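Being a predicted model, the structure only gives us computed values, none of them experimental. If you read the sequence from its start, that first residue is 1, and numbering goes on from there.
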Amino acid sequence: MTGLNKGVGKVEIALKWDPSPLGAPSHDLDLIAATYTADDPRGEPAYLVHFDSRAPDGTITLQRHSETGQGFGADEVLTLEFERIAPRYARVVVGVAIQQGAGRMTFGAVTGTRVYVRDGHEELAADDFASVAGATAATVAEFVRVDSGTWQFRPVLHGFDADPASFSALMGSVPGS
């Protein structure tokens, strides 16, 4: 990044996947954002945004939530407004977890998976989860507040073998900053 870079602003993370075959249990993938304080950037998240929730201050919202992957466009959309996040927060990690209600399901068993990270019209990252096909959850993005106060994006595709509840406790351990 150059000194003229203002960092990321309003970021959208979109998740897509194909519905399960007719007669099979639905695939339910979930976007999860974990926010960490400057005092404990790798500890317990200060708060999570998932399953139709939003950040207490409204800076991170899950705007679309699917339990089946059916429909047009993105199945889940998470919006993060970094310019509005309070200074006490220094790190946000975003991940995807597969609900395990119908038995163990991995990314390799879900067809058409794709995640996009965009800042306005600029695509920052895109991935199909092929490199973490055996995982049941994965981090997809890390955002870190740098010394200037701006936020920097880091792609961090890292797979986990965890259900959504366990995964949210592990998200802060991703390699990165």
(message) Checking the side chain of Gln100 only, and the main-chain atoms of Ile98 only, is there a donor and an acceptor separated by less than 3.5 Å?
(response) yes

(message) Taking side-chain contact (heavy atoms from CB on, under 4.5 Å) as the criterion, tell me which of Ile32, Thr35, Thr139, Val144 meets it with Val93.
(response) Thr139

(request) Please examine the side chains of Asp75 and Leu29, heavy atoms only from C-beta on, and report whether any two atoms are closer than 4.5 Å. (result) no

(request) Please name the pair of heavy atoms, one in Gly159 and one in Ala135, separated by the smallest distance, quoted to 0.1 Å. (result) CA-CB, 3.8 Å

(request) Taking the side chain as every heavy atom from C-beta outward, state whether Glu83 and Glu81 have any atom pair closer than 4.5 Å. (result) no

(request) Output yes when a side-chain donor or acceptor of Ser166 lies under 3.5 Å from a complementary backbone atom of Asp163, and no otherwise. (result) no

(request) Using the side chain to side chain contact (heavy atoms under 4.5 Å, CB included) rule, take Asp161 and Arg104 through it: C-alpha gap first, then chi angles, then the decisive distance, then the call. (result) CA-CA 10 Å; Asp161 191 8; Arg104 188 171 187 280; 3.1 Å; yes

(request) Start with the C-alpha gap between Leu78 and Val49, add the side-chain angles, then the distance that decides, and say whether side chain to side chain contact (heavy atoms under 4.5 Å, CB included) holds. (result) CA-CA 9 Å; Leu78 185 72; Val49 175; 4.0 Å; yes

(request) Would you confirm whether Arg42, through its side chain, and Gly172, through its main-chain N or O, come within 3.5 Å as a donor-acceptor pair? (result) yes

(message) Whether the Asp39 and Thr37 side chains hold a donor-acceptor pair (N or O, under 3.5 Å, no angle test) is what I'd like checked.
(response) no

(request) Calculate, to the nearest 0.5 Å, the distance between atoms CG and CG belonging to Leu15 and Leu62 respectively. (result) 10.0 Å

(request) Mind checking the CZ-CD1 spacing from Arg145 to Ile85? Nearest 0.5 Å is all I need. (result) 7.0 Å

(message) If the threshold is 4.0 Å, N to carboxylate O, is there a salt bridge linking Arg91 and Glu142?
(response) yes

(request) Compare every heavy atom of Phe107 with every heavy atom of Thr136, then report the nearest pair and how far apart it is. (result) C-CE1, 3.9 Å

(message) The test is side chain to side chain contact (heavy atoms under 4.5 Å, CB included); show your working for Val110 and Asp18 and say whether it passes.
(response) CA-CA 7 Å; Val110 180; Asp18 292 341; over 6 Å; no

(message) One pair to check against side chain to side chain contact (heavy atoms under 4.5 Å, CB included): Tyr36 and Met171. What are the steps and the verdict?
(response) CA-CA 10 Å; Tyr36 301 88; Met171 290 174 70; 3.7 Å; yes

(request) Give the minimum heavy-atom separation between Gly58 and Arg84, together with the two atoms involved. (result) O-NH1, 3.7 Å

(request) Search all heavy atoms of Arg88 against all heavy atoms of Ala46 and return the closest pair with its distance. (result) NH2-CB, 4.5 Å

(request) Locate the shortest heavy-atom distance separating Glu123 from Tyr116; write the atom from each residue and the value. (result) OE1-CD2, 3.6 Å

(request) Report yes or no: does Trp17 contribute a side-chain atom to a donor-acceptor pair with the main-chain N or O of His27 at less than 3.5 Å? (result) yes

(request) Would you check if the side chain of Asp40 reaches a backbone N or O of Gly43 as a donor-acceptor pair within less than 3.5 Å? (result) yes

(request) Flag the pair Leu157 / Val132 as yes when at least one side-chain heavy-atom distance between them is below 4.5 Å, and no otherwise. (result) yes

(request) State the CG-CZ distance between Leu124 and Arg118, to the nearest 0.5 angstrom. (result) 10.0 Å

(request) Determine whether Ile60 and Leu80 make a side-chain contact, defined as any pair of heavy atoms from C-beta on separated by less than 4.5 Å. (result) yes

(request) Would you check if the side chain of Glu76 reaches a backbone N or O of Leu31 as a donor-acceptor pair within less than 3.5 Å? (result) yes

(message) Show the nearest heavy-atom pair for residues Ala90 and Ala38, with the distance to one decimal.
(response) CB-CA, 3.6 Å

(request) Could you tell me how the ring of Phe143 sits relative to the ring of Phe153: parallel (under 30°), tilted (30 to 60°) or perpendicular (over 60°)? (result) tilted

(request) Tell me whether the centres of the aromatic rings in Phe82 and Tyr89 are closer together than 6.0 Å. (result) no

(message) Contact between Val140 and Val156 at the side-chain level, heavy atoms closer than 4.5 Å - yes or no?
(response) no

